Every structure is written in C-alpha cells, then in structure tokens.
K.L.:
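Please read through the structure below; I'll follow up with questions.
Within every chain, numbering begins at 1; the chains are lettered A, B, ... in the order of the sequence lines, protein sequences first and strands thereafter. None of these values were measured; they are calculated from a predicted model.
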Number of protein chains: 2
Amino acid sequence: MAAHYGAGVEYALHSLLYLVDRSESARATSTRDLADLQLVPPEYLAKLFTRLQRAGITASAEGIGGGVRFARSPNQVSVLDVVHAIEGTKPLFACREIRRRCALFPERPAGEKIVEVCSIHAVMLEAQAKMEATLAGWTLQDIADRVNTKLPGEFTAGVAMWLDKRALQRGKNRKGSL
Amino acid sequence: MAAHYGAGVEYALHSLLYLVDRSESARATSTRDLADLQLVPPEYLAKLFTRLQRAGITASAEGIGGGVRFARSPNQVSVLDVVHAIEGTKPLFACREIRRRCALFPERPAGEKIVEVCSIHAVMLEAQAKMEATLAGWTLQDIADRVNTKLPGEFTAGVAMWLDKRALQRGKNRKGSL
DNA sequence: GGAAATCTACTCGGATACCGCGTGTCCGAGTTATGGTGG
DNA sequence: CCACCATAACTCGGACACGCGGTATCCGAGTAGATTTCC
C-alpha cells in the first residue's frame, strides 16, 4: 500500500517539469504560484524546493521578485537526482544482519567469518542498483519533451500564460516582462 | 532512512533459508524454534508464515508435531515471491495524477486527453519492473547454495543439530512432566 | 489389551497497543524591489 | 529632482501537530499426537 517514494517526490518532479518549460524566461517562478497551479500545499512545496536547492538542482532568488529557477540545465538533472534530493539515499532494504545474531553463537557470532555482505542483502542491493540506474537514465528534459509531444502546445502555453498573469498580478511594471 | 521492504521480509527470507537446508527432513520445523534460533519475536514470525502459506510457498502442519515446510521446491520460489507474500504488491511510487488536478481546468481537467499513464509514473514503473525482475531472478535455492559455499559445513550442520535437539527436547520434557 | 477420554503443544486468525516517519501547518527571520516621503 | 525610508512580497529554517502503517504482543480457537483411563 505505502509506496517507497512519497508525495514529496511527486510534487517536486511535477513542479520541476513546469519549470522546464519556463527555463528560458529571465524571471524566476514563485513557488506559491507553482503550488496554486497544482493545488498542492504551498508551504510544503516551498520546503521541498529548499532541498532541491541544497542539492544544487535549483537556485532561489529571495525578496519580492524572487522565486526559483534551475541551477543547471534540465537535461543534466536526472529523476534520481530529484529523488535523492527529496528523500535522501533511501535504501530498498535495511539489512539487520540477523544471521549474526544467532542463538547458536551468543558470544562470537557466526558472522565473524562473514566478511562480505549478507547474501540476501546482496540481492536487494543489486535490485536497487537496477532501479536507480533506470531513474538515472531519464532527465527532466527527456520527460518534458515526451510530455510536450503528447500535449501539443495548448496546455503548455496555457500554463505559461497563467503563470505570467499571476506574476504580473503581483508586480505591475517590470522591465523585461514577457 | 525507512526502507521499502521492512523487517518482515528479512525475517521470512532468513527463516526460509534455514528451511531450505532442512527441506529433506520428513519432519516439519516449528516456527517457534526458527524464531528462537534467530532471536526474533516468535508470534510475529508465526504470523508471517501464515502469509507464506496463503501464497502457496509453505505448508503448515497443525497439532503437536506440527510446523512448517516448503509447499513447493525452493528452487521454484523467488525472492520476489516471498516479498509479494509478505508485503503484498507494494508500488515504488503511488501516482496521484497531480497533472489532472490543475487549477487551470477545474471542471474538465487537462488529463481528459491524457489517456496513457503520467510520464513520471511511467518512468517509475519501468524502474520498479527492473527491480522486481532482479528479485524474480533469484530463487531461495540459489541463495542457500551461495551461502553454503561461503560457510562450509560447520555452520549449517550446527544449525541442523540445534534444531533437532530442540525438537527432541520437547519430547523429553513431555515425558518428564508426567 | 484395546478403545475412548484427556492432556499437551502447535498453528491460525483477529484485535490491539506502540511508535517512528511522512505529510502538512505555522511562525519568525532575513531579503529585495516598489512606492511614498522629505529635503 | 533625488536620496532615504517604510512596506509588501518572497524565501528560508525550525518547530510542531496529525495520521497512517509497520512492528510487536496477546488471546481464544482449532487441531493432532501421545499418554492415561476405563471397560
């Protein structure tokens, strides 16, 4: 029932996808607008972006005209990067080394001779590596491109207009306005 | 910090590995002995074995001489089978279809035209498939063989003796108690 | 001596308590552009 | 007209409440085998 990756990852990824379409703009995008657009908790989303910033994925501009933008190109940010930024390096399996706590050898556990990792743990690590390799193979630019080929124009353009209108609604005259 | 697969999976897998070495024995193995051997909660381990039974991995014999044994050969039980039996089909990512709840289209969501799965979800599903394929590629017999090549004999034999002694000790206590 | 009753040990299944963690909210602090104010 | 100041809007970071789900425990019920009891 409960998934490995939570809602934070989903919020962050979708928000970043919207940001990809706006990465050309000179203006930063407000996290509040991003939250209102997707109907997700604004404060929570803002907190998520602080983690993305710490990971070097986005950069934040403080102050009244502030907001977030990409710190590096979206085609150099993988899905795994985002996941690690939000959730940290979450293991698929937390091995407790049960075999070493065997009732047979209370003082000197059997694991004395087991220098390598537990065999079950090894399998899990292999599975996790395969999974993360897949996530590392997709960049945000890849996904954004794929989405844009399925939703031709009107949706992306509508979102861009909506975000611009929101930004304009706050500040009236700004140099370099779109 | 929190892993995708919990302690239940670890308990079950290690217990089943011990069972592989005893799969030749005609007698069933008590779940209580299995728990005491590994110093894990006996009631909890017993509950886990009921799930393994429902999945058709093990079979239980009730009554005084009861216990558990494999329902099918250990080389036909994959790690993924055990994981599914214990944790159920746990998704890597629970997509909430955020893109459909866009503030732009409150009545008719944008997802109206999105017949396929969300692109982010698709990436996650691909990663999950890779992971599960790895887990499905390893059988309990494979892991048991690998362990036994690293721990030559004495450990496995010691465990077998310990379990046999426990089973025998119960019979003796019964005689003495009368 | 054999059949039935009893007793013990085991698994099964539900109910429940505990607790850590993800999710979401709130608030104060720091920062920056805008607009107003006074010289 | 220009310099200065107050204000609004935004991000940052910590603290905290809430709820869910995994972990663990307890108890009653059902079952099978060994022992005892009775005829």
K.L.:
Is any side-chain N of the basic residue among B/D81 and B/R72 closer than 4.0 Å to the acidic one's carboxylate O?
P.N.:
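Yes, this pair counts.
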K.L.:
Once you round it to whole Å, what is the distance between P of C/dC21 and NE2 of B/H4?
P.N.:
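From B/H4 NE2 to C/dC21 P: 17 Å.
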K.L.:
Give a yes or no on whether the backbone of B/T134 and the side-chain of A/E126 come within a donor-acceptor separation of less than 3.5 Å.
P.N.:
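Answer holds: no.
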K.L.:
Is the shortest side-chain N/O distance from A/Q53 to OP1 or OP2 of D/dC12 below 4.0 Å?
P.N.:
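Yes, A/Q53 has a side-chain N/O under 4.0 Å of OP1/OP2 on D/dC12.
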K.L.:
Can you tell me how far C1' of C/dG22 sits from CG of A/L45, to the nearest Å?
P.N.:
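Rounded to the whole Å, the gap is 16 Å.
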K.L.:
Can you see if the side chain of B/S60 gets near the phosphate of C/dC12 - specifically, an N or O under 4.0 Å from OP1 or OP2?
P.N.:
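B/S60 to C/dC12 OP1/OP2: side-chain N or O found under 4.0 Å.
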K.L.:
Could you check whether A/R22 pairs with A/D164 (Lys NZ or Arg NE/NH1/NH2 to Asp/Glu carboxylate O, under 4.0 Å)?
P.N.:
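The answer is yes: the pair qualifies as a salt bridge.
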K.L.:
Establish, with yes or no, whether the OP1 or OP2 oxygen of C/dT11 is under 4.0 angstrom from a side-chain nitrogen or oxygen of B/S30.
P.N.:
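So the side-chain polar atoms of B/S30 do come within 4.0 Å of the phosphate oxygens OP1 or OP2 of C/dT11, strictly under.
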K.L.:
Mind checking A/Y11 for me? I need base, sugar-phosphate or nothing, with any heavy atom below 4.0 Å counting as a touch.
P.N.:
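The residue A/Y11 makes sugar-phosphate contact but no base contact.
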K.L.:
Nearest whole angstrom, please: distance from the P of D/dA9 to the CG of A/D36.
P.N.:
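To the nearest whole Å, that distance equals 14 Å.
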K.L.:
C/dG24, C/dC12, C/dC26: which one has an atom nearest the side-chain heavy atoms of A/E43?
P.N.:
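Looking only at side-chain atoms, A/E43 lies closest to C/dC26.
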K.L.:
To the nearest Å, how far apart are A/R32 CZ and D/dA9 C1'?
P.N.:
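Spelled out: CZ on A/R32 to C1' on D/dA9 is 9 Å.
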K.L.:
Among the candidates C/dT23, C/dG22, D/dG30, find the nucleotide nearest to the side-chain atoms of B/E62.
P.N.:
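Selected nucleotide (nearest to the side chain): D/dG30.
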K.L.:
Less than 3.5 Å apart, any donor N or O on the side chain of A/S73 or A/Q141 sitting next to an acceptor on the other?
P.N.:
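Result is no, nothing qualifies.
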K.L.:
Under 4.0 Å, counting only non-hydrogen atoms across every strand here, what does B/G65 touch: a base, just sugar-phosphate, or nothing?
P.N.:
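No contact at all - B/G65 keeps every heavy atom at 4.0 Å or more from the nucleic acid.
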K.L.:
The side chain of A/T31 is closest to which nucleotide in this list: C/dA33, D/dT11, C/dC21?
P.N.:
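That would be D/dT11.
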K.L.:
Mind checking whether A/Y11 and A/Y44 have parallel, tilted or perpendicular rings, split at 30° and 60°?
P.N.:
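Perpendicular: the ring planes of A/Y11 and A/Y44 meet at over 60°.
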K.L.:
Atom CD1 of A/I86 to atom P of C/dT23: distance rounded to whole Å?
P.N.:
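From A/I86 CD1 to C/dT23 P: 10 Å.
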K.L.:
State, to 0.1 Å, how close A/S15 and A/L45 come at their nearest heavy-atom pair, and which atoms those are.
P.N.:
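Between these two residues, the closest heavy atoms are OG-CD1, 3.5 Å.
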K.L.:
Of the listed nucleotides (D/dC12, D/dA8, D/dT25), which one gets closest to any side-chain atom of A/T50?
P.N.:
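Closest nucleotide to the A/T50 side chain: D/dC12.
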K.L.:
Within this structure, what is the OH-to-P distance between A/Y44 and D/dG19, rounded to whole angstrom?
P.N.:
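The distance from OH of A/Y44 to P of D/dG19 comes to 17 Å, rounded to the nearest Å.
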K.L.:
Whole angstroms only, please: what is the NZ-P distance between A/K90 and C/dC21?
P.N.:
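Roughly 11 Å, once rounded to whole Å.
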K.L.:
Please name the pair of heavy atoms, one in A/A55 and one in A/A85, separated by the smallest distance, quoted to 0.1 Å.
P.N.:
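Looks like CB-CB, 3.5 Å.
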K.L.:
Should A/F49 and A/L52 count as side-chain neighbours, where that means a heavy-atom distance under 4.5 Å?
P.N.:
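Touching, per the 4.5 Å side-chain cut-off.
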K.L.:
Between A/A7 and B/A61, which residue's closest nucleotide on DNA chain C lies nearer the 5′ terminus?
P.N.:
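Checking each residue's closest nucleotide, the 5'-ward one belongs to B/A61.
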K.L.:
Restricting both atoms to N or O, compile the protein contacts to nucleotides 14-16 of chain C shorter than 3.5 Å, with distance only.
P.N.:
{"residue": "C/dG14", "atom": "N7", "partner": "B/K47", "partner atom": "NZ", "Å": "3.4"}
{"residue": "C/dG14", "atom": "O6", "partner": "B/K47", "partner atom": "NZ", "Å": "3.2"}

K.L.:
Closest to the B/I64 side chain: C/dC21, C/dT8, C/dG24?
P.N.:
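So the side chain of B/I64 is nearest to C/dT8.
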